[in-house]
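Some notes on the structure that comes next.
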Amino acid sequence: MTRFIFITGGVVSSLGKGLASAALGALLQARGYSVRLRKLDPYLNVDPGTMSPFQHGEVYVTDDGAETDLDLGHYERFTGVPSRQSDNVTTGRIYSDVIAKERRGDYLGATVQVIPHVTDAIKEFVQEDLNGEDFVLCEIGGTVGDIESLPFLEAIRQLGNELGPDCSMFMHLTLVPFIAAAGELKTKPTQHSVKELLGLGIQPHVLICRMEQQMPEAERRKIALFCNVRQDSVIPGLDVDSIYAVPMAYHEQGLDTVVCHHFRLPIDKKPSLRIWSDIVEAVRKPEGQVTIAVVGKYVQLPDAYKSLSEALTHGGIANNVEVKLDWIDSEIFEREDVVQHLDHVHGILVPGGFGERGSEGKIKAVQFARERNVPYFGICFGMQMAVIEAARNIAGLAGASSTEFGHAKDPVVGLMTEWSKGEDVEQRGEEDDLGGTMRLGAYPCDLLPGTRVADIYRSSSVSERHRHRYEVNIGYREELEQAGLKFSGLSPDAILPEIVEYEDHPWFIGVQFHPELKSKPFDPHPLFTSFIAAAVAQSRLV
Ligand code: GLN
């Protein structure tokens, strides 16, 4: 029997709904249940692929090539369950499907309306592509009261009614602010938010109240009374020092017990939370510290590199060190000397990126890392910049560049118009739409025996996730390898360069894919573990 838990948020955004959902997923797993987490996003974009990272943070990519909300990254990092296309939907996708059906005549002359046609499409999505999981946790993006969320809230209201309380539950996150002048916690915004939900026909069964201080019993009683929930179902959600402490914190406040109680599941056995206490212990008591410079473009908004900063933390956990990140806007290197910014760091990472702006600064960071023997990790754009740097500064191809920036005399990075995915051939043109037209999702990569990456992965073939339009040009392989940059990972048909590395450098690896998307705190990605180990070695030198 699959049980559905619908998670909504009220009062303000950024309450940590995604983390709360992910943490509840981890707690249910720790009680032996299988889970799947899904997100319904109320915006009109068909997917977040075309949104600026400044607007929406990172685009999280799944194995099956979906460009999704960054909360899916939290879900995967906390539960280890690989997300799929069918785990994230937006208003834009629902509407485009409904309208396509209408154009085909599938509605047989009916007047197509939000209720029932749009709500039916949402309900279908929520219940589709499941494998008999014990729990489906379904988060609704946005805040209750937004016009955009209404069809989603109506759909989950209907579902709650159809499934009945034995198979469904509503969880609502709110804010309980502390008003310093009055010296009091205020429950009114929570009351109003629940009223708003009730007005839409949804009675929450459990409330998570985000707050900065412990909740006195009197406030808990008051919220329970006014919001019509049991007192033990008012769960305080206090800030914690590490996101990986969230599952234990919610467990201590009784969240998983309340959920089990609702579904009449046994609560006598305690969940095993050992993995989480080990992770938190490693985060809280590191034996050292390394500093990594992340040289990118969207550095003012850390959410733009969410999976990356988490993967670096995981690399730190694996090496028992704290990883301090120096976020550097690469454009600065086009005005100022790199040395003063990079002299003290133990590793340099150039992450994924798009567009010409700031690229010359990134190339300078690569050159610094290569010449000074500082560990370098280039991810996607960061690999492409490493290739351009090698071509220009070692192979003597002064006009080397990427066609992403316009015409290049030596296009060492260029647009691939055709490549194979399994049995299929994928094709792209210069004029294609921007949405959903990149090389997306998991692709296999063969590792050359005897290379550093083969040693790190301890394997001869791996599968990693991609999100890019341009590729390193295999036509320059010989010149670049003569310059010392070895093509150590290739697509199985040997056409697409997937990994490059220098042998005579302490640690210099560029990858065309995004390994950060698959790293988990309980299973750090081997490339991040190895990169941080190299940074630890470097920290002993400087
Ligand atoms: N802009 C580059 C491309 O499209 C790199 C993309 C990325 O770093 N994700 O190929």
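Counting convention: from 1, in listed order, for ligands and their atoms alike.
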Tell me which one of Glu503, Glu501, Lys486 satisfies side-chain contact (heavy atoms from CB on, under 4.5 Å) with Arg452. Glu501
If you take the centroid of each ring, where Trp contributes its six-membered ring, are His466 and Tyr443 closer together than 6.0 Å? yes
Less than 4.0 Å from some atom of ligand 1, heavy atoms are found in residues Gly352, Gly353, Phe354, Cys380, Phe381, Gln384, Glu404, Arg467, His468, Arg469, Tyr470, His514
Please check: side-chain N/O of Arg38 versus main-chain N/O of Val136, any donor-acceptor pairing under 3.5 Å? no
For the student: nearest non-hydrogen atoms of Ser530 and Ile456, plus distance: OG-CD1, 3.3 Å
Test side chain to side chain contact (heavy atoms under 4.5 Å, CB included) applied to Asp278 - qualifying residues, sequence neighbours left out: Arg274
Is it the case that atom CD in Glu478 sees more than 12 heavy atoms from other parts of the structure closer than 6.0 Å? no
